[in-house]
Amino acid sequence: MFFVGGESNVRDYYDVVVIGGGPGGMSAALYAGRAGLSCIVIEGNSTGGQMNEADVIENYPGIEEIKGPVLGEKMRRHAEKFGAQFHTATVVDVDFSGQMKRTILDDGKIISSEVVIISTGASHRKLNVPGEMEFSGKGVSYCATCDGHFFKGKKVALVGGGDTAMTEALYLANLVREVLVIHRRDKLRATKVLQERAFSKPNIKFVWDSIVREIRGNEKVEKVVVENKRTGEKTELEVSGLFIAIGIVPNSEIFRGKLHLDSQGYVVTDENMETNVRGVYAVGDVRSKGLRQIVTAAAEGAVAASHAAETYFG
Ligand code: NAP
């Protein structure tokens, strides 16, 4: 189940239902609208999906630097300009068994459509260690741009070694006294440019070959217990917060048993972004693929909507 924004006047039928309002979904809506199709985007409580959590986006071609929420808002307005409607609701079930697909919302609405484009994205992966749930919102966070300001001048830890982890560490380094990056190997997965930036920041320190075993505190996070994988030694790090940036898991549970998913739960598609069910497409981070970026999600949305327009409404 996931949250997906908007206005009432939802009709019973649209040519295209887009589930999820991230860059893939909004691009699909833009292309569907330009193809003359009626389209509704069922979106979350805020526009833009994961872009909302990005302080700065600097790898979308043609836009050297932009705030994530600003790009999200621009994409929404662009889709609306071509007729796409937006509605805030949670999709609780889908029925892809017939030619007419049905999308069932938590507000009781059931929308029929010839085509469904799934762009439900992905959520933060959990560490699953003692203290993670207990201290969530009390020092444990999955979003530096959302919560970093609570830790101004303090010492925090951050776990992960990918692009998200380095982007978050760099953001935090400008706010907090010190960032301890805890990584389970001795090499980062993040792209070179982000690694180099992180290594050059004097207040970003690295705790290599280490895994988080426990998060401790009273009212709030006070200590993170890490274990060195090589020596087995356990150390308590005294920090005010722990940011968790260890990857993503696809928001695909409601499609299980209805669509072909890969071993990690991502939706499998062909090169037109169509799933094993005709008329049902998947785009963006929820799709089984290599590179998960705003630019790839947007491109996939365009491919899916254009293929759907030609194939089912041509
Ligand atoms: P990711 O690339 O999958 O990296 C996850 C990191 O967390 C890896 O370093 C991994 O360690 C570590 N990890 C995974 N499970 C763990 C666990 N249970 N305990 C400890 N560490 C764990 O995920 P991501 O950084 O969120 O990025 C997701 C996608 O979004 C990627 O395709 C990325 O390129 C993209 N992205 C791009 C940008 C950008 O271009 N600026 C920014 C953010 C995200 P190992 O390295 O040992 O596997």
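Just so you know, ligand 1 is whichever comes first in the structure, and atom 1 is the first atom listed for that ligand. Computed from a predicted model, the values in this text were never measured in an experiment. Computed over heavy atoms, backbone and side chain alike; hydrogens, waters and symmetry mates excluded.
Taking atom 9 (O) of ligand 1 as the reference point, the nearest protein heavy-atom neighbour is Gly161 N, 3.0 Å. At the top of the distance list for atom 23 (O) of ligand 1, counting protein heavy atoms only, stands Gly247 CA, 3.3 Å. In terms of protein heavy-atom proximity, atom 8 (C) of ligand 1 is nearest to Arg189 NE, 3.7 Å. Considering only non-hydrogen protein atoms, atom 18 (N) of ligand 1 sits nearest to Ile246 CD1, 3.8 Å. Closest protein heavy atom to atom 37 (C) of ligand 1: Gln293 NE2, 2.9 Å. When hydrogens are left out, the protein atom nearest atom 10 (C) of ligand 1 is Arg184 NH2, 3.8 Å; that is the closest non-hydrogen contact. In terms of protein heavy-atom proximity, atom 42 (C) of ligand 1 is nearest to Asp163 CB, 3.7 Å. Taking atom 25 (O) of ligand 1 as the reference point, the nearest protein heavy-atom neighbour is Thr164 N, 2.9 Å.
The distance from ligand 1 to the heavy atoms of Asn59 drops below 4.0 Å at these ligand atoms: 39 (C), 40 (O), 41 (N).
Considering backbone and side-chain N/O of Val159, none are found under 3.5 Å from N/O of ligand 1. An N or O contact shorter than 3.5 Å is missing between Leu127 and ligand 1 by distance.
Here His307 and Tyr281 bring their ring centres to under 6.0 angstrom of each other.
Using a 4.0 Å cut-off between a side-chain N of Lys or Arg and a carboxylate O of Asp or Glu, Glu300 and Arg287 qualify as a salt bridge. Comment: Glu132 does not engage Arg213 in a salt bridge, judged by the lack of any side-chain N to carboxylate O separation of less than 4.0 angstrom. Using a 4.0 Å cut-off between charged nitrogen and carboxylate oxygen, Arg230 and Asp186 count as a salt-bridge pair.
Within the structure, side chain to side chain donor-acceptor pair (under 3.5 Å) pairs that include any residue of residues 153-170 comprise Asp163-Thr191 (at least two apart or interchain).
Using a 30° and 60° split on the angle between ring planes, Trp208 and Phe199 fall in the tilted class, from 30° to 60°. Under the 30°/60° scheme for interplanar angles, the aromatic rings of His78 and Phe82 are found to be tilted.
At a 4.0 Å cut-off, not a single heavy atom of Ile211 sits close enough to ligand 1 to count as contact. Proximity of His183 to ligand 1 is established by a heavy-atom distance of less than 4.0 Å.
Considering each of Arg185, Arg292, Glu53, the one bringing a non-hydrogen atom nearest atom 35 (C) of ligand 1 is Arg292.
Figure legend: cation-pi geometry between Lys126 and Tyr142, with NZ or CZ positioned under 6.0 Å from the six-membered ring centre and within 45° of its axis.
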Show me the donor-acceptor pairs within less than 3.5 Å that the side chains of residues 14-29 make with the rest of the protein, sequence neighbours left out.
from  : atom 1 : to     : atom 2 : distance (Å)
Tyr14 : OH     : Arg11  : N      : 3.0
Tyr14 : OH     : Gln85  : OE1    : 2.7
Tyr14 : OH     : Gln85  : NE2    : 3.4
Asp15 : OD1    : Tyr13  : OH     : 3.0
Asp15 : OD2    : Ser38  : N      : 2.9
Asp15 : OD2    : Ser38  : OG     : 3.4
Ser27 : OG     : Ala298 : O      : 2.6
Ser27 : OG     : Ala302 : N      : 3.4

